[in-house]
Amino acid sequence: MSSEASAPGTSPRAQRLGAQKSSGTMSKKGDRGAKEKPVAILPPVGEEEPKNPEEYQCTGVLETDFAELCTRSGYTDFPKVVPRPRPHPNFFPSASLSEKPTLEEQRLSASCSINSLESKYVFFRPTIQVEQDADDKTVKEIYIRGWKVEDRILGIFSKCLPALSQLQAIYLWKVGLTDKTLTTFIALLPLCSSTLRKVSLEGNPLPEQSYHKLMAQDSTIAHLSLRNNNIDDHGAQLLGQALSTLRSCNRTLVSLNLGFNHIGDNGAGYIADGLRLNRSLLWLSLAHNRIHDKGALKLAEVLGPFELTHTEVVERRRLLLEKGTQERSRSPSSSRHGDPKTDRDKIQLMGASTVTAVEKTDKTQSVKTPKGLGKKKEKAGVGEEVSEACTSVLPALPAPEVTIPEQKLSKGKGPKMGTKEKRSILTESELVVEATEMVNPLLEPVEHRDGKVFMPGNKVLLHLNLLRNHITEVGLEGFLTVVQYQSQFAKAKSPSKGPMGLLWLSLAKNSFSLQSPVYTKIQELMLPRDPISKAKPREEEVAAFST
């Protein structure tokens, strides 16, 4: 008897034919279903289909925007946006702390061990910490610490960060950046608000050391920190070229922190080469590196009068001729002489008989000769006469105006020190630069000695930190010469007429004794130049704060 019950009124043959027909139909449908796409299943009531992140319009609330974009991108577990933890208020210990804990306190601490472990786990979970404005809660700073930031996260940032109208700083500490993700991050920066001026990428060593891309000519970064990135001499060479070359120069970067790297003498020389024609960098830290006397002397040389190379002299003459041509084209007397004047201009462009043309321009424009160039000049060749004559009609170099908060440089007095935390150190955040038109440093007044051309040196750099390197008495001698020169230069010039040179120099914790007469002399010369404090800071405070 069949295991299946027969339908009433149906013969066994009809049942067999019906079963074969139905099985054939099933197989055909199965084959057709395997070739066709599966039918979309409607989501249950109350659930929505995954949405396209491109369709989402950011609201400017980072917590909401980041969570929504992560959800739309398929993330189920993603970092949360939380306020940056504030330091604990001052705690005054009581006498009870010196006593041994009671039995009841020991039991209570044992019962809370599980909760404390959970709280530690929550503390170390990936988060995006934000610093918000006290009034309208807008995000001003973003801190990401200790978790890997990949391309997908950077893609989400490229959508939600531009909506933050008051974003000022981004800190990425040990986030596993690569040369590829750094390129993606750099492409993200122009999309952000113009208020974003500070970027910190500490603890992110890169194989190709492509940090110099952050200092391109079109970059808007004013404060850049690259501490603890294993930057060696090759990376320092790329950074020095980004500061300045003969044809390009970074004009936005104000502070650069290269502490805790592997920069040696050659790397310090590359940084010094970048400072030759850079007139925007005010704050530089090379603390905790591998710089010896050779690199220290290179840095000291560029801060005082230094000799121009042959290529720099050639470029200077080209710029002077171009400058003179522009001045004469704007002069109202240029139309009085007619064709002979034009002929002389053509001759001058050919490099012949230029002194007469420059003297004619000097009479028509009545421009005063800068101080230091009105003295007797030794006879030189035609090329040097052209340089001297052109220099005599050039205006003084306009330097960037530097404002240091809570100080009065004209009186030489610092503010009252409210706490010990206010130290005699120029920090990066205290440097505020007003944008001014910058002139090529090669157009600065120069001095001719023994057939060589000397520039007055970089006097824009205010803060130089060389703490904990390997500098000896030999390197100290070079910095003593520079400090003496800049001090004399400052006395001969009014404080309101441009930069005066270093205001703070850290050479402590190097390979010399703190009782060294040369080091003592440098400290004595630098102390009156310190605009913040009149007292010498303690050595341990300098080491703790400046690095």
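Computed from a predicted model, the values in this text were never measured in an experiment.
- Of the possible polar contacts, one joining the E312 side chain to the T309 backbone as a donor-acceptor pair under 3.5 Å is found.
- Under the 4.5 Å side-chain criterion, counting only non-hydrogen atoms from C-beta, Y270 is not in contact with Q241.
- Within the model, atoms CD1 of I471 and NZ of K509 stand 14.5 Å from one another, a figure rounded to the nearest 0.5 Å.
- Between F157 and F185, a ring centre-to-centre spacing not shorter than 6.0 Å is recorded.
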ask   = What do the steps show when you test L161 against I170 for side-chain contact (heavy atoms from CB on, under 4.5 Å), and what is the final call?
value = CA-CA 10 Å; L161 294 190; I170 298 178; 4.2 Å; yes
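- A donor-acceptor pair is defined here as one N or O able to donate and one able to accept, closer than 3.5 Å; no such pair exists between the side chain of N289 and the backbone of I291.
- Taking the side chain as every heavy atom from C-beta outward, L154 and S158 never approach each other to under 4.5 Å.
- Nearest heavy atoms, A508 versus L467: O-CD1, 3.3 Å.
- Between the D133 side chain and the D135 main chain, a donor and an acceptor come within less than 3.5 Å of each other.
- Within the 4.5 Å cutoff, no side-chain heavy atoms of V175 are placed close to those of W147.
- A salt bridge links E202 to R227: at least one charged side-chain nitrogen sits closer than 4.0 Å to a carboxylate oxygen.
- L182 contributes atom CG, which lies 9.0 Å from atom CG of N204 (distance to the nearest 0.5 angstrom).
- No side-chain N or O of T138 forms a donor-acceptor pair with one of Q132 less than 3.5 Å apart.
- Considering all non-hydrogen atoms of both residues, Q523 and L505 come closest at OE1-O, 4.4 Å.
- Within 6.0 Å of the NZ atom in K148, the count of heavy atoms belonging to other residues, nucleotides or ligands exceeds 12.
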ask   = Could you walk me through whether Q166 and S193 pass the side chain to side chain donor-acceptor pair (under 3.5 Å) check?
value = CA-CA 7 Å; Q166 300 299 322; S193 172; over 6 Å; no
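- Side-chain N or O atoms of N458 include none that pairs as donor or acceptor with a backbone N or O of V302 at under 3.5 Å.
- With N469 contributing its side chain and L286 its backbone, the two residues share a donor-acceptor pair below 3.5 Å.
- Donor-acceptor pairing under 3.5 Å is recorded for the side chains of Q209 and D232.
- S248 and Q217 are not linked by any side-chain donor-acceptor pair at a separation below 3.5 angstrom, with hydrogens and angles left out of the test.
- Geometrically, K159 does not engage Y56 in a cation-pi contact, judged by NZ or CZ lying under 6.0 Å from the ring centre and within 45° of the ring axis.
- Under a cut-off of 6.0 angstrom, the local environment of NZ in K459 is crowded, with over 12 non-hydrogen atoms contributed by other residues, nucleotides or ligands.
- For the pair R152 and Y75, the cation-pi criterion (under 6.0 Å, within 45° of the ring axis) is fulfilled.
- The two residues F66 and P79 make their nearest non-hydrogen contact at CE2-O, 3.3 Å.
- Considering only heavy atoms from C-beta on, L464 comes within 4.5 Å of F479 through its side chain.
- Across all non-hydrogen atoms, the minimal contact from G457 to R279 is O-NH2, 3.9 Å.
- Here D179 contributes atom CG and S210 contributes atom OG; the two are 3.5 Å apart, rounded to the nearest 0.5 Å.
- Interatomic distance, S506 OG to L466 CG, rounded to the nearest 0.5 Å: 7.5 Å.
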ask   = Between E301 and R276, does a salt bridge (charged side-chain N to carboxylate O under 4.0 Å, His left out) hold up when you go through it step by step?
value = CA-CA 10 Å; E301 178 186 0; R276 291 173 70 91; 5.1 Å; no
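- Using modelled atom types and a 3.5 Å distance limit, the side chains of T178 and T181 yield a donor-acceptor pair.
- A donor-acceptor pair under 3.5 Å links the side-chain atoms of T252 to the main chain of S219, judged by distance alone.
- Across all non-hydrogen atoms, the minimal contact from M455 to P441 is CE-O, 3.1 Å.
- Proximity of a side-chain donor or acceptor of H292 to a complementary backbone N or O of R290 within less than 3.5 Å is detected.
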ask   = Could you go step by step and tell me if L246 and L442 meet the side-chain contact (heavy atoms from CB on, under 4.5 Å) rule?
value = CA-CA 9 Å; L246 200 60; L442 290 174; 4.1 Å; yes
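- Taking CG from N266 and NE2 from H234, the interatomic distance works out to 13.0 Å, rounded to the nearest 0.5 Å.
- Note that K213 lies outside the cation-pi zone of Y211, set by a 6.0 Å cut-off to the ring centre and a 45° limit from the axis.
- Inter-residue side-chain proximity for N257 and N465 is flagged as unmet; no heavy-atom pair is nearer than 4.5 Å.
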inquiry  = Test side-chain contact (heavy atoms from CB on, under 4.5 Å) on L502 and L462; report intermediate values, then the result.
reply    = CA-CA 4 Å; L502 290 176; L462 304 180; 5.9 Å; no
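- Of the possible donor and acceptor atoms, none in the side chain of R468 sits under 3.5 Å from a partner among the backbone N and O of N510.
- Side-chain contact between M500 and R529 is present, with at least one heavy-atom pair separated by less than 4.5 Å.
- Taking the six-membered ring for Trp and thresholds of 30 and 60 degrees, H463 and W283 have nearly parallel ring planes, at less than 30 degrees apart.
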ask   = Would T76 and T71 satisfy side-chain contact (heavy atoms from CB on, under 4.5 Å), going step by step from the backbone distance to the final call?
value = CA-CA 7 Å; T76 56; T71 303; over 6 Å; no
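- Distance alone, capped at 3.5 Å, places no donor-acceptor pair between the N250 side chain and the L243 backbone.
- Of all the heavy atoms in L275 and L461, the pair that sits closest is CD1-CD2, 4.3 Å.
- Between the CD atom of E208 and the OG1 atom of T183 there is a distance of 8.0 Å, given to the nearest 0.5 Å.
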Evaluation steps, salt bridge (charged side-chain N to carboxylate O under 4.0 Å, His left out), between K80 and E63 = CA-CA 7 Å; K80 307 299 181 184; E63 182 177 3; over 6 Å; no
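- Proximity of a side-chain donor or acceptor of N278 to a complementary backbone N or O of S244 within less than 3.5 Å is not detected.
- Between S280 and V254 the shortest side-chain heavy-atom distance does not fall below 4.5 Å.
- Residues R125 and D77 meet the side-chain proximity criterion, which asks for heavy atoms closer than 4.5 Å.
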